[in-house]
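Note that this is a predicted model, so its numbers are computed, not measured.
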Amino acid sequence: MPLQNASINVTEFIIGGFDKTKRPMVVGVVILITYVLSILANMFNILFIIYDKRLHKPMYILICNLAVVDIMYTSSSSPIMIQVLVAGVNTVSYAPCLALMFVFHLGGVMEMFALSAMAFDRFIAISFPLRYHSYLTNVRTFVLIHILWIVASGFVAVLPATLLPLPHCYSKLKYTFCEYAAIMRTTCVDKTYYFNLVSVILFFLIFFTFTFICLSYFSIIVFVKLSSNIDKRKMGTTCLSHLIVVMGYYSPLFTNSVLTRIGLVVTLEARHGLMVGSILGPCLLNPLVYCFRTKEIKCKIFQVFKRAR
């Protein structure tokens, strides 16, 4: 039951996750540099794909979608952390904080969906190479992406829907930016139900997407065993980029979201570090992997630098 008498009118939240950080400026500069590099790398990927008509193919459309997701994901959290650590401004207004929370969690869900769609693309490309372009056209790829965004928004809409009616007893967030757990802990209610609800949704999303990716690659492995050695090398090169990106995202996610639920003790400071790394790491890793491991994009980058000389 909400404790109405103890509630306060919250107009802004105080970010308190970095209160015990020993060198806030150094940490802030590192986050700032990583964030800028991540944005630039993802923007380069998007621009290369948009302006080169030869890259207007399902695989590159999905890479472009992943880049958009990464930009949104990191931009919903990194500027606040930079603002607190570098500028020393540790307050965020109520409405923008809720909006950033929605965008952040939407980015997290869409990251899973985007990686699942890319696994499906690799499965079709390797298992049905002659029918790939008839099965997965550009139009169907765009339709799939739009459906995934709508479904992801539906899942994430549960978060502000459960938060908005609740009264707040505190205005200080114990975490490093506006996320659901941080805002929920400021409310005057028993949080068990709400955290259990979110845990069920998160478990479903992680289980469904990761299982789908694993099944896609299991099918690919079965198909590869029946192929020649040359085809095996080509398929391995094709899938390796996606596997690196998948592991880069799901490894910290499993550590932070799953292992902590089964008894792994993680301090608040360690959780903050893991959370920051799980946001910035994949968003910087993804565009670099696809830049240097995708032949067409890599060649396009080299052409740009040659012209610049």
Side-chain angles (χ1 to χ4, degrees), residues 17-18 21 23-50 55 59-86 100 103-119 175-179 209-210 213 239-257 270-302 304-305:
F18 292 111
T21 303
R23 297 180 179 179
M25 183 62 70
V26 174
V27 175
V29 170
V30 171
I31 294 175
L32 174 61
I33 293 173
T34 308
Y35 172 63
V36 171
L37 291 175
S38 172
I39 295 296
L40 291 176
N42 281 293
M43 286 300 300
F44 279 136
N45 263 0
I46 293 171
L47 293 175
F48 287 148
I49 293 170
I50 290 176
L55 301 181
M59 182 180 77
Y60 298 103
I61 293 173
L62 292 172
I63 291 175
C64 190
N65 176 63
L66 181 64
V68 172
V69 172
D70 284 337
I71 290 174
M72 182 183 74
Y73 190 41
T74 187
S75 295
S76 61
S77 54
S78 298
I80 289 183
M81 294 189 285
I82 295 167
Q83 167 189 303
V84 174
L85 293 166
V86 177
L100 289 171
V103 174
F104 170 74
H105 291 292
L106 177 60
V109 174
M110 270 307 301
E111 191 88 16
M112 298 185 224
F113 285 177
L115 294 176
S116 299
M118 295 172 82
Y175 298 163
T176 54
F177 56 90
C178 297
E179 58 173 307
T209 56
F210 191 73
I213 293 171
C239 295
L240 183 58
S241 299
H242 183 255
L243 283 172
I244 293 172
V245 170
V246 168
M247 295 308 298
Y249 179 74
Y250 278 95
S251 295
L253 186 64
F254 277 127
T255 304
N256 196 36
S257 301
R271 183 193 181 280
H272 292 164
L274 184 62
M275 178 64 75
V276 173
S278 67
I279 297 168
L280 294 175
C283 293
L284 180 60
L285 174 67
N286 296 352
L288 294 179
V289 167
Y290 283 111
C291 276
F292 293 108
R293 292 204 59 85
T294 304
K295 183 179 178 181
E296 290 82 356
I297 297 179
K298 183 167 63 175
C299 291
K300 187 69 177 177
I301 294 173
F302 288 152
V304 170
F305 279 107

Donor-acceptor check, side chain of [X] to backbone of [Y], threshold 3.5 angstrom: yes or no?
{"X": "Asn42", "Y": "Cys283", "value": "yes"}
{"X": "Thr74", "Y": "Asp70", "value": "no"}
{"X": "Tyr35", "Y": "Ser77", "value": "no"}
{"X": "Thr209", "Y": "Ser116", "value": "no"}

Quick one: [atom1] on [X] to [atom2] on [Y], what's the gap to the nearest 0.5 Å?
{"X": "Met118", "Y": "Asn65", "atom1": "CE", "atom2": "CG", "result": "8.5 Å"}
{"X": "Met110", "Y": "Leu115", "atom1": "CE", "atom2": "CG", "result": "9.5 Å"}
{"X": "Ile49", "Y": "Ile63", "atom1": "CD1", "atom2": "CD1", "result": "5.5 Å"}
{"X": "Ile31", "Y": "Ile80", "atom1": "CD1", "atom2": "CD1", "result": "12.0 Å"}
{"X": "Ile279", "Y": "Leu284", "atom1": "CD1", "atom2": "CG", "result": "13.5 Å"}
{"X": "Tyr249", "Y": "Met112", "atom1": "OH", "atom2": "CE", "result": "4.0 Å"}

Set of residues satisfying ring-ring contact (aromatic ring centres under 6.0 Å, His included) with respect to Tyr73, sequence neighbours excluded
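Counting only residues at least two positions away or on another chain, Tyr73 forms a ring-ring contact (aromatic ring centres under 6.0 Å, His included) with Phe104.
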Test applied, side-chain contact (heavy atoms from CB on, under 4.5 Å); reference residue, Asn286; option that passes from Val69, Asn45, Val245, Ile244:
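Only one option passes, and that is Val245.
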Do you know the tightest heavy-atom contact between Leu66 and Ala114?
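Looking at all heavy atoms of both residues, the shortest contact is CD1-CB, 4.0 Å.
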Would you sort out whether Leu85 and Met25 count as a side chain to side chain contact (heavy atoms under 4.5 Å, CB included), showing the intermediate values?
CA-CA 6 Å; Leu85 293 166; Met25 183 62 70; over 6 Å; no
For the CZ atom on Phe18, are there more than 12 heavy atoms of other groups (residues, nucleotides or ligands in this structure) within a distance under 6.0 Å?
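Above 12, so yes.
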